[in-house]
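Notes for the one structure printed next.
Proteins get letters first, then strands, A, B, ... in listed order; numbering begins at 1 in each.
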There are 2 protein chains.
Amino acid sequence: METLALPPQATQVGLAVDVAAFAMHGGELQVLLVQRGELPHARAWALPGGFVHPGEDLHEAALRELRTETSVTLEPRHLEQFYTFGAPGRDPRGRIVSVAHLAVLAHGAVDVTGGGHTLGAGWFPAHRPPALAFDHAAILTRALGRLRVRLEYAHLALEFLSDTFTLPELQRVHEAILDRPLDKRNFRKRLLAQGLLVASGERRSGVGRPAQLYRRAKGARAAAL
Amino acid sequence: METLALPPQATQVGLAVDVAAFAMHGGELQVLLVQRGELPHARAWALPGGFVHPGEDLHEAALRELRTETSVTLEPRHLEQFYTFGAPGRDPRGRIVSVAHLAVLAHGAVDVTGGGHTLGAGWFPAHRPPALAFDHAAILTRALGRLRVRLEYAHLALEFLSDTFTLPELQRVHEAILDRPLDKRNFRKRLLAQGLLVASGERRSGVGRPAQLYRRAKGARAAAL
DNA sequence: CCAAAAGTGTTCCGTCTACACCCATGG
DNA sequence: CCATGGGTGTAGACGGAACACTTTTGG
(Lines give C-alpha, C1' and ligand atoms only; values in the text may rest on other atoms or scores of the structure.)
Protein backbone atom coordinates (compact mmCIF):
# COMPACT_ATOMS: atom_id res chain seq x y z
CA MET A 1 0.00 0.00 0.00
CA GLU A 2 2.96 2.32 0.59
CA THR A 3 3.90 2.44 -3.05
CA LEU A 4 4.24 6.20 -3.09
CA ALA A 5 5.73 8.55 -0.56
CA LEU A 6 3.78 11.37 0.99
CA PRO A 7 4.66 14.63 -0.70
CA PRO A 8 6.78 17.03 1.36
CA GLN A 9 4.00 19.52 1.88
CA ALA A 10 1.89 16.88 3.65
CA THR A 11 1.34 18.28 7.10
CA GLN A 12 1.50 15.62 9.73
CA VAL A 13 -1.04 16.11 12.44
CA GLY A 14 -2.37 14.12 15.35
CA LEU A 15 -5.63 12.46 14.44
CA ALA A 16 -8.10 11.86 17.21
CA VAL A 17 -11.71 10.90 17.69
CA ASP A 18 -14.02 12.18 20.38
CA VAL A 19 -17.35 10.59 21.22
CA ALA A 20 -20.46 12.25 22.58
CA ALA A 21 -22.34 9.20 23.87
CA PHE A 22 -25.91 9.66 25.02
CA ALA A 23 -28.33 7.52 26.98
CA MET A 24 -31.53 8.00 28.89
CA HIS A 25 -31.22 7.81 32.65
CA GLY A 26 -33.85 8.79 35.13
CA GLY A 27 -36.06 10.22 32.42
CA GLU A 28 -33.31 12.60 31.40
CA LEU A 29 -30.90 12.72 28.48
CA GLN A 30 -27.41 12.11 29.78
CA VAL A 31 -23.98 12.34 28.21
CA LEU A 32 -21.03 10.14 29.10
CA LEU A 33 -17.97 12.01 30.36
CA VAL A 34 -14.56 10.94 31.62
CA GLN A 35 -12.31 12.68 34.11
CA ARG A 36 -8.90 13.21 32.62
CA GLY A 37 -5.93 11.75 34.44
CA GLU A 38 -3.23 13.53 32.43
CA LEU A 39 -2.16 16.96 31.33
CA PRO A 40 -3.47 19.05 29.79
CA HIS A 41 -6.69 19.64 31.68
CA ALA A 42 -5.94 16.96 34.30
CA ARG A 43 -8.96 16.28 36.53
CA ALA A 44 -11.25 18.11 34.12
CA TRP A 45 -14.25 16.37 32.59
CA ALA A 46 -14.10 15.64 28.89
CA LEU A 47 -15.74 13.59 26.18
CA PRO A 48 -14.14 10.16 25.84
CA GLY A 49 -11.72 10.10 22.95
CA GLY A 50 -8.16 9.61 21.88
CA PHE A 51 -5.81 9.04 19.04
CA VAL A 52 -6.61 6.90 16.06
CA HIS A 53 -4.29 3.89 15.67
CA PRO A 54 -2.41 3.27 12.43
CA GLY A 55 -4.53 1.32 10.00
CA GLU A 56 -7.63 1.82 12.09
CA ASP A 57 -10.82 3.23 10.65
CA LEU A 58 -12.35 6.28 12.29
CA HIS A 59 -15.45 4.32 13.22
CA GLU A 60 -13.42 1.56 14.86
CA ALA A 61 -11.36 4.10 16.76
CA ALA A 62 -14.46 5.68 18.20
CA LEU A 63 -15.75 2.29 19.34
CA ARG A 64 -12.41 1.41 20.91
CA GLU A 65 -12.14 4.68 22.82
CA LEU A 66 -15.63 4.24 24.15
CA ARG A 67 -14.79 0.76 25.39
CA THR A 68 -11.38 1.49 26.88
CA GLU A 69 -11.94 4.87 28.47
CA THR A 70 -15.17 3.82 30.11
CA SER A 71 -16.51 0.49 31.24
CA VAL A 72 -19.28 0.57 28.68
CA THR A 73 -19.33 -2.88 27.11
CA LEU A 74 -22.47 -2.88 25.01
CA GLU A 75 -22.15 -1.89 21.41
CA PRO A 76 -23.63 1.52 20.79
CA ARG A 77 -26.95 1.28 18.98
CA HIS A 78 -25.88 4.12 16.71
CA LEU A 79 -22.53 5.68 15.91
CA GLU A 80 -21.79 8.33 13.32
CA GLN A 81 -19.29 11.09 12.84
CA PHE A 82 -20.83 14.54 12.70
CA TYR A 83 -18.12 17.17 12.53
CA THR A 84 -14.35 17.56 12.46
CA PHE A 85 -12.71 20.06 14.76
CA GLY A 86 -9.35 21.18 13.52
CA ALA A 87 -8.65 24.75 14.55
CA PRO A 88 -4.96 25.33 15.28
CA GLY A 89 -4.60 25.87 18.98
CA ARG A 90 -7.56 23.81 20.07
CA ASP A 91 -5.12 21.49 21.84
CA PRO A 92 -2.00 22.87 23.58
CA ARG A 93 0.02 19.77 22.64
CA GLY A 94 0.15 20.73 18.99
CA ARG A 95 -1.90 20.28 15.89
CA ILE A 96 -4.56 17.75 16.74
CA VAL A 97 -7.60 17.25 14.58
CA SER A 98 -10.53 15.46 16.09
CA VAL A 99 -13.34 13.76 14.23
CA ALA A 100 -16.30 14.04 16.58
CA HIS A 101 -18.80 11.19 16.80
CA LEU A 102 -22.31 10.87 18.11
CA ALA A 103 -23.21 7.61 19.88
CA VAL A 104 -26.47 6.33 21.28
CA LEU A 105 -26.47 3.69 24.00
CA ALA A 106 -29.42 1.55 24.93
CA HIS A 107 -31.20 1.89 28.20
CA GLY A 108 -29.34 -0.86 30.03
CA ALA A 109 -25.81 0.32 29.36
CA VAL A 110 -25.63 2.96 32.02
CA ASP A 111 -23.17 1.67 34.64
CA VAL A 112 -19.79 3.12 33.92
CA THR A 113 -16.49 3.57 35.68
CA GLY A 114 -13.27 4.95 34.33
CA GLY A 115 -10.78 2.92 32.37
CA GLY A 116 -7.42 3.37 30.72
CA HIS A 117 -5.73 6.52 31.98
CA THR A 118 -8.86 8.28 33.14
CA LEU A 119 -9.72 8.94 36.76
CA GLY A 120 -13.36 8.04 36.34
CA ALA A 121 -16.39 8.18 34.16
CA GLY A 122 -19.99 9.14 34.68
CA TRP A 123 -23.24 10.33 33.23
CA PHE A 124 -24.18 14.00 33.27
CA PRO A 125 -27.25 15.95 32.14
CA ALA A 126 -26.66 16.56 28.47
CA HIS A 127 -28.30 19.97 28.40
CA ARG A 128 -26.54 21.21 31.56
CA PRO A 129 -23.08 19.67 31.52
CA PRO A 130 -20.19 20.62 33.81
CA ALA A 131 -17.27 22.66 32.50
CA LEU A 132 -15.43 20.65 29.86
CA ALA A 133 -11.81 20.41 28.72
CA PHE A 134 -10.54 21.69 25.36
CA ASP A 135 -13.36 22.70 22.98
CA HIS A 136 -15.55 19.87 24.15
CA ALA A 137 -18.39 22.17 25.15
CA ALA A 138 -18.69 23.23 21.52
CA ILE A 139 -18.52 19.61 20.38
CA LEU A 140 -21.29 18.65 22.78
CA THR A 141 -23.50 21.50 21.61
CA ARG A 142 -23.12 20.42 18.04
CA ALA A 143 -23.76 16.80 18.95
CA LEU A 144 -27.05 17.77 20.53
CA GLY A 145 -28.01 19.65 17.41
CA ARG A 146 -27.30 16.64 15.25
CA LEU A 147 -29.24 14.41 17.61
CA ARG A 148 -32.28 16.65 17.24
CA VAL A 149 -32.07 16.56 13.47
CA ARG A 150 -31.66 12.78 13.41
CA LEU A 151 -34.75 12.40 15.55
CA GLU A 152 -36.86 13.61 12.64
CA TYR A 153 -35.13 11.83 9.80
CA ALA A 154 -34.18 8.47 11.19
CA HIS A 155 -35.90 6.59 13.97
CA LEU A 156 -33.08 7.23 16.36
CA ALA A 157 -35.24 7.50 19.45
CA LEU A 158 -35.84 3.75 19.42
CA GLU A 159 -32.14 3.14 19.91
CA PHE A 160 -32.32 4.59 23.40
CA LEU A 161 -34.76 1.92 24.57
CA SER A 162 -34.76 -1.83 25.02
CA ASP A 163 -36.37 -4.03 22.36
CA THR A 164 -39.77 -3.63 23.91
CA PHE A 165 -40.92 -0.31 25.25
CA THR A 166 -44.02 1.70 25.98
CA LEU A 167 -45.17 4.78 24.13
CA PRO A 168 -44.78 6.99 27.20
CA GLU A 169 -41.15 5.85 27.42
CA LEU A 170 -40.61 6.70 23.78
CA GLN A 171 -42.24 10.06 24.27
CA ARG A 172 -39.87 10.82 27.14
CA VAL A 173 -36.93 10.15 24.84
CA HIS A 174 -38.23 12.65 22.31
CA GLU A 175 -38.94 15.20 24.99
CA ALA A 176 -35.49 14.80 26.50
CA ILE A 177 -33.76 15.30 23.17
CA LEU A 178 -35.91 18.23 22.09
CA ASP A 179 -35.85 19.64 25.61
CA ARG A 180 -39.53 20.54 25.53
CA PRO A 181 -42.79 18.80 26.37
CA LEU A 182 -44.89 17.14 23.67
CA ASP A 183 -48.62 16.56 23.49
CA LYS A 184 -49.44 12.95 24.35
CA ARG A 185 -52.24 12.44 21.85
CA ASN A 186 -50.47 14.02 18.92
CA PHE A 187 -47.30 12.11 19.67
CA ARG A 188 -49.11 8.74 19.69
CA LYS A 189 -51.05 9.53 16.56
CA ARG A 190 -47.96 10.50 14.65
CA LEU A 191 -45.83 7.58 15.77
CA LEU A 192 -48.48 4.92 15.26
CA ALA A 193 -49.41 6.34 11.86
CA GLN A 194 -45.88 5.63 10.65
CA GLY A 195 -46.55 1.93 11.07
CA LEU A 196 -43.10 1.17 12.47
CA LEU A 197 -44.35 -0.06 15.82
CA VAL A 198 -46.25 -3.23 16.63
CA ALA A 199 -47.90 -4.05 19.94
CA SER A 200 -47.21 -7.16 22.02
CA GLY A 201 -48.16 -8.11 25.63
CA GLU A 202 -48.68 -5.86 28.60
CA ARG A 203 -46.58 -4.65 31.47
CA ARG A 204 -47.12 -3.16 34.81
CA SER A 205 -45.12 -0.20 35.87
CA GLY A 206 -44.85 0.66 39.55
CA VAL A 207 -47.94 2.76 39.74
CA GLY A 208 -50.91 3.63 37.58
CA ARG A 209 -52.45 1.83 34.65
CA PRO A 210 -50.14 -0.59 32.83
CA ALA A 211 -48.87 0.52 29.48
CA GLN A 212 -49.00 -1.40 26.21
CA LEU A 213 -45.63 -2.73 25.11
CA TYR A 214 -44.43 -2.10 21.58
CA ARG A 215 -41.67 -3.47 19.42
CA ARG A 216 -40.14 -2.11 16.24
CA ALA A 217 -41.82 -3.64 13.21
CA LYS A 218 -39.54 -5.93 11.24
CA GLY A 219 -38.36 -4.41 8.05
CA ALA A 220 -38.07 -0.99 9.63
CA ARG A 221 -34.59 0.26 9.15
CA ALA A 222 -33.27 3.77 9.79
CA ALA A 223 -32.95 5.97 6.71
CA ALA A 224 -29.26 6.77 6.85
CA LEU A 225 -27.06 9.73 5.87
CA MET B 1 1.61 26.76 22.25
CA GLU B 2 3.86 23.72 22.16
CA THR B 3 4.06 23.42 25.92
CA LEU B 4 3.34 19.72 25.92
CA ALA B 5 4.59 16.95 23.69
CA LEU B 6 2.27 14.73 21.74
CA PRO B 7 1.88 11.40 23.49
CA PRO B 8 3.60 8.46 21.78
CA GLN B 9 0.38 6.81 20.66
CA ALA B 10 -0.54 9.89 18.63
CA THR B 11 -0.81 8.59 15.10
CA GLN B 12 0.57 11.02 12.59
CA VAL B 13 -1.47 11.17 9.45
CA GLY B 14 -1.62 13.35 6.39
CA LEU B 15 -4.40 15.89 6.73
CA ALA B 16 -6.04 17.08 3.56
CA VAL B 17 -9.09 18.99 2.44
CA ASP B 18 -11.12 18.34 -0.67
CA VAL B 19 -13.65 20.78 -2.08
CA ALA B 20 -16.78 20.02 -4.05
CA ALA B 21 -17.45 23.43 -5.58
CA PHE B 22 -20.73 23.98 -7.39
CA ALA B 23 -22.02 26.66 -9.71
CA MET B 24 -24.81 27.09 -12.22
CA HIS B 25 -23.73 27.09 -15.83
CA GLY B 26 -26.02 26.84 -18.79
CA GLY B 27 -29.02 26.14 -16.59
CA GLU B 28 -27.30 23.10 -15.14
CA LEU B 29 -25.61 22.37 -11.85
CA GLN B 30 -21.92 21.93 -12.43
CA VAL B 31 -19.04 20.78 -10.26
CA LEU B 32 -15.49 22.05 -10.51
CA LEU B 33 -12.87 19.38 -11.21
CA VAL B 34 -9.13 19.43 -11.79
CA GLN B 35 -7.03 17.08 -13.84
CA ARG B 36 -4.24 15.63 -11.74
CA GLY B 37 -0.70 16.16 -12.94
CA GLU B 38 0.97 13.76 -10.50
CA LEU B 39 0.82 10.20 -9.32
CA PRO B 40 -1.27 8.60 -8.13
CA HIS B 41 -4.12 8.89 -10.60
CA ALA B 42 -2.17 11.18 -12.95
CA ARG B 43 -4.42 12.64 -15.68
CA ALA B 44 -7.53 11.57 -13.81
CA TRP B 45 -10.15 14.10 -12.83
CA ALA B 46 -10.51 14.85 -9.15
CA LEU B 47 -12.01 17.34 -6.73
CA PRO B 48 -9.63 20.18 -6.00
CA GLY B 49 -7.88 19.65 -2.69
CA GLY B 50 -4.59 19.15 -0.96
CA PHE B 51 -2.76 19.11 2.28
CA VAL B 52 -3.45 21.48 5.12
CA HIS B 53 -0.53 23.71 6.04
CA PRO B 54 0.82 23.88 9.59
CA GLY B 55 -1.08 26.42 11.62
CA GLU B 56 -3.77 26.73 8.98
CA ASP B 57 -7.44 26.29 9.74
CA LEU B 58 -9.41 23.73 7.76
CA HIS B 59 -11.61 26.46 6.32
CA GLU B 60 -8.63 28.52 5.18
CA ALA B 61 -7.03 25.47 3.62
CA ALA B 62 -10.13 24.75 1.58
CA LEU B 63 -10.17 28.35 0.32
CA ARG B 64 -6.49 28.22 -0.56
CA GLU B 65 -6.78 24.97 -2.49
CA LEU B 66 -9.70 26.34 -4.43
CA ARG B 67 -7.70 29.42 -5.38
CA THR B 68 -4.40 27.75 -6.23
CA GLU B 69 -5.59 24.59 -8.00
CA THR B 70 -8.01 26.48 -10.18
CA SER B 71 -8.14 30.02 -11.42
CA VAL B 72 -11.27 30.79 -9.43
CA THR B 73 -10.67 34.14 -7.81
CA LEU B 74 -14.01 35.06 -6.33
CA GLU B 75 -14.67 34.10 -2.76
CA PRO B 76 -17.12 31.26 -2.54
CA ARG B 77 -20.52 32.45 -1.37
CA HIS B 78 -20.75 29.49 0.94
CA LEU B 79 -18.18 27.05 2.32
CA GLU B 80 -18.71 24.38 4.91
CA GLN B 81 -17.22 21.03 5.75
CA PHE B 82 -19.64 18.14 5.49
CA TYR B 83 -17.85 14.88 6.09
CA THR B 84 -14.42 13.45 6.88
CA PHE B 85 -13.14 10.54 4.84
CA GLY B 86 -10.49 8.58 6.68
CA ALA B 87 -10.64 4.92 5.71
CA PRO B 88 -7.19 3.34 5.69
CA GLY B 89 -6.27 2.61 2.09
CA ARG B 90 -8.30 5.37 0.53
CA ASP B 91 -5.02 6.90 -0.70
CA PRO B 92 -2.15 4.67 -1.85
CA ARG B 93 0.43 7.10 -0.47
CA GLY B 94 -0.38 6.24 3.12
CA ARG B 95 -2.79 7.30 5.76
CA ILE B 96 -4.44 10.44 4.53
CA VAL B 97 -7.56 11.83 6.08
CA SER B 98 -9.55 14.32 4.10
CA VAL B 99 -12.08 16.79 5.43
CA ALA B 100 -14.50 17.28 2.56
CA HIS B 101 -16.00 20.70 1.96
CA LEU B 102 -18.99 21.97 0.04
CA ALA B 103 -18.59 25.30 -1.77
CA VAL B 104 -21.03 27.42 -3.72
CA LEU B 105 -19.76 29.88 -6.30
CA ALA B 106 -21.77 32.76 -7.70
CA HIS B 107 -22.92 32.87 -11.26
CA GLY B 108 -20.04 34.94 -12.62
CA ALA B 109 -17.19 32.82 -11.32
CA VAL B 110 -17.24 30.19 -13.97
CA ASP B 111 -14.09 30.67 -16.06
CA VAL B 112 -11.44 28.35 -14.77
CA THR B 113 -8.14 26.95 -15.88
CA GLY B 114 -5.73 24.76 -13.99
CA GLY B 115 -3.20 26.07 -11.53
CA GLY B 116 -0.45 24.72 -9.29
CA HIS B 117 0.48 21.20 -10.30
CA THR B 118 -2.73 20.35 -12.08
CA LEU B 119 -3.03 19.89 -15.83
CA GLY B 120 -6.29 21.76 -16.08
CA ALA B 121 -9.61 22.53 -14.52
CA GLY B 122 -13.16 22.61 -15.72
CA TRP B 123 -16.83 22.40 -14.98
CA PHE B 124 -18.73 19.14 -15.31
CA PRO B 125 -22.38 18.17 -14.86
CA ALA B 126 -22.71 17.49 -11.15
CA HIS B 127 -25.21 14.68 -11.51
CA ARG B 128 -23.29 12.92 -14.30
CA PRO B 129 -19.60 13.43 -13.56
CA PRO B 130 -16.72 11.66 -15.30
CA ALA B 131 -14.78 8.92 -13.50
CA LEU B 132 -12.98 10.40 -10.51
CA ALA B 133 -9.72 9.64 -8.69
CA PHE B 134 -9.51 8.14 -5.19
CA ASP B 135 -12.90 7.99 -3.42
CA HIS B 136 -13.97 11.30 -4.92
CA ALA B 137 -17.09 9.86 -6.51
CA ALA B 138 -18.37 9.01 -3.02
CA ILE B 139 -17.41 12.47 -1.78
CA LEU B 140 -19.31 14.11 -4.61
CA THR B 141 -22.41 12.01 -4.00
CA ARG B 142 -22.42 13.01 -0.36
CA ALA B 143 -21.85 16.65 -1.27
CA LEU B 144 -24.93 16.62 -3.49
CA GLY B 145 -26.94 15.14 -0.67
CA ARG B 146 -25.85 17.87 1.68
CA LEU B 147 -26.61 20.50 -0.91
CA ARG B 148 -30.18 19.23 -1.21
CA VAL B 149 -30.66 19.32 2.53
CA ARG B 150 -29.23 22.83 2.78
CA LEU B 151 -31.59 24.04 0.12
CA GLU B 152 -34.51 23.54 2.49
CA TYR B 153 -32.93 24.80 5.69
CA ALA B 154 -30.82 27.72 4.64
CA HIS B 155 -31.40 29.94 1.64
CA LEU B 156 -28.47 28.52 -0.19
CA ALA B 157 -29.95 28.79 -3.66
CA LEU B 158 -29.47 32.58 -3.61
CA GLU B 159 -25.73 32.09 -3.36
CA PHE B 160 -25.62 30.68 -6.87
CA LEU B 161 -26.94 33.93 -8.38
CA SER B 162 -25.80 37.49 -8.67
CA ASP B 163 -27.20 40.13 -6.31
CA THR B 164 -30.22 40.68 -8.49
CA PHE B 165 -31.98 37.78 -10.13
CA THR B 166 -35.32 36.73 -11.52
CA LEU B 167 -37.63 34.15 -10.04
CA PRO B 168 -37.31 31.85 -13.04
CA GLU B 169 -33.54 31.91 -12.53
CA LEU B 170 -33.95 31.02 -8.89
CA GLN B 171 -36.34 28.25 -9.80
CA ARG B 172 -33.80 26.78 -12.18
CA VAL B 173 -31.27 26.64 -9.35
CA HIS B 174 -33.68 24.67 -7.20
CA GLU B 175 -34.55 22.37 -10.06
CA ALA B 176 -30.90 21.74 -10.86
CA ILE B 177 -30.06 20.83 -7.28
CA LEU B 178 -33.10 18.66 -6.74
CA ASP B 179 -32.75 17.23 -10.25
CA ARG B 180 -36.48 17.42 -10.89
CA PRO B 181 -38.92 20.01 -12.26
CA LEU B 182 -40.92 22.24 -9.95
CA ASP B 183 -44.31 23.87 -10.45
CA LYS B 184 -43.91 27.53 -11.34
CA ARG B 185 -46.88 28.88 -9.38
CA ASN B 186 -46.22 26.91 -6.24
CA PHE B 187 -42.57 27.84 -6.32
CA ARG B 188 -43.31 31.56 -6.55
CA LYS B 189 -45.96 31.43 -3.88
CA ARG B 190 -43.69 29.65 -1.45
CA LEU B 191 -40.66 31.82 -2.05
CA LEU B 192 -42.48 35.13 -1.95
CA ALA B 193 -44.42 34.10 1.15
CA GLN B 194 -41.13 33.81 3.02
CA GLY B 195 -40.63 37.53 2.62
CA LEU B 196 -36.91 37.24 1.94
CA LEU B 197 -37.09 38.72 -1.53
CA VAL B 198 -37.81 42.27 -2.60
CA ALA B 199 -38.49 43.48 -6.11
CA SER B 200 -36.55 46.24 -7.93
CA GLY B 201 -36.49 47.31 -11.62
CA GLU B 202 -37.03 45.24 -14.72
CA ARG B 203 -34.89 43.44 -17.21
CA ARG B 204 -35.15 42.04 -20.62
CA SER B 205 -33.92 38.61 -21.36
CA GLY B 206 -33.20 37.63 -24.96
CA VAL B 207 -36.67 36.51 -25.84
CA GLY B 208 -40.10 36.59 -24.30
CA ARG B 209 -41.59 38.80 -21.67
CA PRO B 210 -39.06 40.47 -19.33
CA ALA B 211 -38.89 39.15 -15.81
CA GLN B 212 -39.07 41.11 -12.58
CA LEU B 213 -35.75 41.45 -10.81
CA TYR B 214 -35.47 40.59 -7.14
CA ARG B 215 -32.92 41.15 -4.44
CA ARG B 216 -32.48 39.44 -1.09
CA ALA B 217 -34.19 41.47 1.62
CA LYS B 218 -31.80 43.05 4.07
CA GLY B 219 -31.73 41.32 7.40
CA ALA B 220 -32.16 37.92 5.77
CA ARG B 221 -29.35 35.70 6.89
CA ALA B 222 -29.03 31.98 6.38
CA ALA B 223 -29.90 29.84 9.40
CA ALA B 224 -26.59 28.13 9.97
CA LEU B 225 -25.43 24.74 11.26
C1' DC C 1 -49.03 38.27 -35.69
C1' DC C 2 -46.27 34.80 -33.90
C1' DA C 3 -42.99 32.72 -30.83
C1' DA C 4 -41.25 32.69 -26.33
C1' DA C 5 -41.11 33.11 -21.68
C1' DA C 6 -43.36 35.58 -17.44
C1' DG C 7 -46.98 35.93 -14.54
C1' DT C 8 -51.26 34.74 -11.95
C1' DG C 9 -55.65 31.77 -8.32
C1' DT C 10 -58.31 28.21 -6.71
C1' DT C 11 -59.39 23.82 -4.99
C1' DC C 12 -58.19 19.70 -2.58
C1' DC C 13 -55.97 17.03 0.67
C1' DG C 14 -53.01 15.64 4.26
C1' DT C 15 -50.61 17.03 8.39
C1' DC C 16 -49.94 19.59 12.69
C1' DT C 17 -51.98 21.82 16.74
C1' DA C 18 -54.83 22.64 20.55
C1' DC C 19 -57.49 20.78 23.86
C1' DA C 20 -60.26 17.50 28.33
C1' DC C 21 -61.94 13.46 29.93
C1' DC C 22 -62.27 8.44 31.11
C1' DC C 23 -59.72 4.00 32.24
C1' DA C 24 -56.98 0.44 34.61
C1' DT C 25 -54.25 -0.66 38.28
C1' DG C 26 -51.95 -0.84 43.15
C1' DG C 27 -52.02 0.46 47.65
C1' DC D 1 -61.69 4.96 47.12
C1' DC D 2 -58.03 7.46 45.73
C1' DA D 3 -53.71 8.48 43.59
C1' DT D 4 -51.11 7.63 39.53
C1' DG D 5 -50.16 7.39 35.06
C1' DG D 6 -52.20 5.30 30.38
C1' DG D 7 -55.25 5.88 26.77
C1' DT D 8 -58.58 8.14 23.47
C1' DG D 9 -61.15 11.95 19.35
C1' DT D 10 -62.35 16.12 17.12
C1' DA D 11 -62.22 20.66 15.03
C1' DG D 12 -59.58 24.43 12.99
C1' DA D 13 -55.28 26.18 10.88
C1' DC D 14 -51.80 25.64 7.80
C1' DG D 15 -48.97 24.22 4.02
C1' DG D 16 -48.06 21.50 -0.25
C1' DA D 17 -49.75 19.66 -4.78
C1' DA D 18 -52.31 19.76 -8.90
C1' DC D 19 -53.73 22.34 -12.59
C1' DA D 20 -54.49 26.25 -17.60
C1' DC D 21 -54.76 30.51 -19.31
C1' DT D 22 -53.41 35.49 -20.04
C1' DT D 23 -49.68 39.02 -20.58
C1' DT D 24 -45.64 41.20 -22.35
C1' DT D 25 -42.08 41.63 -25.23
C1' DG D 26 -38.87 41.06 -29.68
C1' DG D 27 -38.56 39.73 -34.22
Side-chain angles (χ1 to χ4, degrees), chain A residues 24 26-28 107 148-149 151-155 157-158 160-162 164-215 223, chain B residues 24 26-28 107 148-155 157-158 161-162 164-215 223:
Chain A
M24 290 295 293
E28 207 183 357
H107 185 65
R148 267 191 295 273
V149 169
L151 197 53
E152 302 170 16
Y153 279 106
H155 317 285
L158 297 183
F160 282 89
L161 300 171
S162 28
T164 59
F165 50 88
T166 68
L167 282 181
E169 283 168 358
L170 185 58
Q171 182 174 346
R172 264 171 239 125
V173 175
H174 281 251
E175 289 176 332
I177 291 174
L178 298 175
D179 205 18
R180 67 183 166 91
L182 297 174
D183 181 86
K184 202 182 356 171
R185 284 167 291 192
N186 296 335
F187 179 80
R188 294 177 153 259
K189 231 180 312 168
R190 189 161 53 82
L191 266 286
L192 292 176
Q194 286 170 231
L196 307 173
L197 271 36
V198 292
S200 48
E202 278 224 338
R203 172 211 234 171
R204 47 200 41 94
S205 54
V207 287
R209 174 175 171 176
Q212 176 63 254
L213 281 176
Y214 288 86
R215 189 183 301 277
Chain B
M24 290 296 293
E28 206 184 356
H107 185 66
R148 267 191 295 272
V149 169
R150 279 287 179 269
L151 195 55
E152 302 170 15
Y153 279 106
H155 318 286
L158 297 183
L161 301 170
S162 30
T164 58
F165 51 88
T166 68
L167 282 182
E169 283 168 358
L170 185 57
Q171 182 174 346
R172 264 172 238 123
V173 175
H174 281 252
E175 289 175 332
I177 292 174
L178 298 176
D179 204 18
R180 66 184 167 92
L182 296 174
D183 181 84
K184 200 182 358 171
R185 286 168 287 193
N186 295 333
F187 179 80
R188 296 177 152 259
K189 232 178 311 167
R190 189 161 54 82
L191 266 285
L192 292 175
Q194 286 169 231
L196 307 172
L197 271 35
V198 292
S200 49
E202 277 222 339
R203 172 210 234 172
R204 47 200 38 95
S205 54
V207 288
R209 174 174 171 176
Q212 177 63 254
L213 281 174
Y214 289 87
R215 188 183 302 277

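The shortest side-chain heavy-atom distance between Pro168(A) and Arg188(A) falls under the 4.5 Å cut-off.
Atom P of nucleotide dG26(D) and atom CZ of Arg203(B) are separated by 14 Å, given to the nearest angstrom. The interatomic distance linking Glu169(A) (CD) with dG5(D) (P) rounds to 14 Å, in whole Å. Per the geometry, CG belonging to Leu191(A) stands 14 Å off C1' belonging to dC16(C), to the nearest Å. Atom CG of Leu167(B) and atom C1' of dA5(C) are 14 Å apart (whole Å). Distance Leu213(B) CG to dT25(D) P: 14 Å, rounded to the nearest Å.
Screening residues 169-192 of chain A for ring-ring contact (aromatic ring centres under 6.0 Å, His included) gives His174(A)-Phe187(A) as the qualifying pairs, with residues at least two apart or on separate chains.
Arg185(A) pairs by the side chain to side chain contact (heavy atoms under 4.5 Å, CB included) definition with Asp183(A), not counting sequence neighbours. With sequence neighbours left out, the side chain to side chain contact (heavy atoms under 4.5 Å, CB included) criterion links Glu175(A) to Gln171(A), Arg172(A), Pro181(A), Leu182(A).
Between the OH atom in Tyr214(A) and the OG1 atom in Thr164(A) there is a gap of 12.5 Å [rounded to 0.5 Å]. Between atom CZ of residue Arg148(A) and atom CD1 of residue Ile177(A) there is a gap of 9.5 Å, rounded to the nearest 0.5 Å. Rounding to the nearest 0.5 Å gives a distance of 10.0 Å between NE2 of His155(A) and CG of Leu191(A). Atom CD of Gln212(A) and atom OG1 of Thr166(A) lie 10.0 Å apart (nearest 0.5 Å).
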- [ ] List the steps and the verdict of side chain to side chain contact (heavy atoms under 4.5 Å, CB included) for Leu196(B) and Leu158(B).
- [x] CA-CA 10 Å; Leu196(B) 307 172; Leu158(B) 297 183; 5.6 Å; no
Open item on the list: Met24(A) vs Glu169(A), test: side chain to side chain contact (heavy atoms under 4.5 Å, CB included). Steps then yes/no.
Closed with: CA-CA 10 Å; Met24(A) 290 295 293; Glu169(A) 283 168 358; over 6 Å; no
Which pairs, protein N/O on one side and nucleotides 8-12 of chain D N/O on the other, fall under 3.5 Å?
residue: dT10(D); atom: O4; partner: Lys189(A); partner atom: NZ; Å: 2.8

Between the protein and nucleotides 25-27 of chain C, are there any N/O to N/O pairs under 3.5 Å, and if so, what are the atom names and distances?
residue: dG26(C); atom: OP1; partner: Arg204(A); partner atom: NE; Å: 3.4

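Residues from residues 170-180 of chain A placing a heavy atom under 4.0 Å of any atom in DNA chain C do not occur.
For the residue pair Leu161(B) and Val173(B), the shortest heavy atom distance occurs at CD2-CG2, 3.9 Å.
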